[in-house]
Amino acid sequence: MTNHLPFSLKAFDLPSINNFSHQLLSARKKKIALVVQGGGQRGIFTAGVFDAFLESDFDPFELYIGTSAGALNLSSFISRQPRFGYQFITNFTTDTEFFNLYKYLSQQKSMNLDWALDEVRAQGSIPLDLVTAREVLQHRTALACATRKDTLCDIYMPMYEKNWCEVLRASCAIPVIYNQPVNFDDLEWVDGGVSAAVPVREAWQRGAELVVVVRTEPVALPQDESRLFNDWRGKVEIALPEYIDRLSLNQSIDKVKALHGELTTKFESWKLGWREKELLLKPEQAEADAAETPASKGKGWSLLSADNIERFLSLTGNSKRLEVIDMLNRYYITYQDAHEFMLSPPDGLHVIQIAPEKSLKSRALLSSKDDLEIDYREGKLIGREFVSHFADILNETTAVKR
């Protein structure tokens, strides 16, 4: 018997679902957590899942933890605002005021996260309902993950308190693309995905016995691990020797060699599949692509392709390159840890991963509205399936006070 269940249209297996449900039955109530991955505009899938939950009044969760765009989607779920995530992603994150690739590459104009978050404040066009959210949280806990820039450690901040908007900004502050400093509590913060893309372990450490994870990418089983990551080696490894030199000041030479060897091996394996899938954006194409219609944006290139990583590193300057490499390395290590943890949870913990059937059509940025619509509908469909199979048992099992 396994205590992990992948839940997607592709992995839909009724006997496995029934077997897993049977394991959850007990006389004792359980602490159930909802963990939400980020992914930028790919969060449109999560928005669909949450709208399916809201239309069924389904919320057996005592603990919520969201990272980056996952924290923003989680905010609207807690405030009981259906289609909030859909509207925010399709109407605001696709606006050139939010992000313009050509201006970013040519003028170093970063993602305008502040403009987008102003729209969810009280005076904005789609304000979050703080009153409802705080009522919901009377007997529940909601946390947004952000990364301390100095230590690259994941820190979990309470949501919907007085500094709620700054917490969201810290959790969503994608390094390099959003280059404005996020400072409060005498610290500087960056995107929570750097240190905890899927903070399932944190939910477990806080006492969760069942964790429902909403993913923005397919569940990769052990045989699929070679496709887990994008190939960043092409240009990022330019800075790797300097990075290794710096590491050697603080770590044994054996550890440094092991890290370098592991990264080199991984980069080589990732490149094989990656080169076949990505069409790289040529420098002379940047201005032309920026003028494309919204429907054509985001097709044919990857924001984190090797060539674009090179541009990002160039834009940051030499003084920032090691910071970027540090963050990429931190992401790799923590993502791998979370992946292994979810596939083999410790005794006493059950994990369900709600995930898309295959890679979403939308991207982190510059997705077309047509692709966003398709991914939203898939999220809503799988959300309804989840509710139909698990609502009764989780509502009966939860320890949360109503």
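Computed from a predicted model, the values in this text were never measured in an experiment. Atom set for the values below is all heavy atoms of this structure, side chains included, hydrogens, waters and symmetry mates excluded.
Under the 4.5 Å side-chain criterion, counting only non-hydrogen atoms from C-beta, F77 is in contact with L54. The shortest side-chain heavy-atom distance between K109 and N100 does not fall under the 4.5 Å cut-off.
Taking CD from E340 and CZ from R201, the interatomic distance works out to 9.5 Å, rounded to the nearest 0.5 Å.
With hydrogens and angles left out, the side-chain atoms of S76 and Q81 include no donor and acceptor closer than 3.5 Å. A donor atom on one side chain and an acceptor atom on the other are found under 3.5 Å apart for S195 and T147. With 3.5 Å as the limit, one finds a donor-acceptor pair spanning the side chains of T93 and Q41. Checked by atom type, the side-chain pair Y178/D191 shows no donor-acceptor distance below 3.5 Å.
Ring geometry, H350 versus F20: the interplanar angle exceeds 60°, so the pair is classed perpendicular (tilted spans 30 to 60°). Aromatic ring pairs are classed by plane angle as parallel below 30°, tilted from 30° to 60° and perpendicular above 60°; the pair F7 and F390 is perpendicular. Taking the six-membered ring where tryptophan is involved, the planes of F92 and F88 are tilted, since the angle between them lies from 30° to 60°.
Checked against side chain to side chain donor-acceptor pair (under 3.5 Å), S16 has the following partners two or more places apart in sequence or in another chain: D13. By the salt bridge (charged side-chain N to carboxylate O under 4.0 Å, His left out) test, D129 is found to be paired with no residue, residues two or more places apart in sequence or in another chain being considered. Applying the side chain to side chain donor-acceptor pair (under 3.5 Å) criterion to N163, with sequence neighbours excluded, gives no partner residue. Every residue two or more places apart in sequence or in another chain was checked for a side chain to side chain donor-acceptor pair (under 3.5 Å) with T90, and none qualifies. Listed by chain and residue number, R80, R140 satisfy the salt bridge (charged side-chain N to carboxylate O under 4.0 Å, His left out) test with D59 (two or more places apart in sequence, or in another chain).
Salt-bridge check for E373 with K369: failed, with every basic side-chain N at 4.0 Å or more from each acidic carboxylate O. Salt bridge annotation for D114-R169: present, with a cationic side-chain nitrogen under 4.0 angstrom from a carboxylate oxygen. The pair K149-E188 counts as a salt bridge, with a side-chain nitrogen and a carboxylate oxygen less than 4.0 angstrom apart.
The minimum heavy-atom distance linking R121 with P127 is given by the pair O-CB, 3.1 Å.
None of D371, D370, D375 except one satisfies the side chain to side chain donor-acceptor pair (under 3.5 Å) rule with S362; the exception is D375.
By the neighbour-count criterion of 12 heavy atoms within 6.0 Å, atom CG of D337 is densely surrounded, having more than that number from other residues, nucleotides or ligands.
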*Walk me through it: do W189 and M157 pass the test side chain to side chain contact (heavy atoms under 4.5 Å, CB included)?*
CA-CA 12 Å; W189 306 89; M157 306 178 185; 3.3 Å; yes
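For residues 122-160, no residue pair satisfies the ring pair (Phe, Tyr, Trp, His ring centres under 6.0 Å) rule, not counting sequence neighbours.
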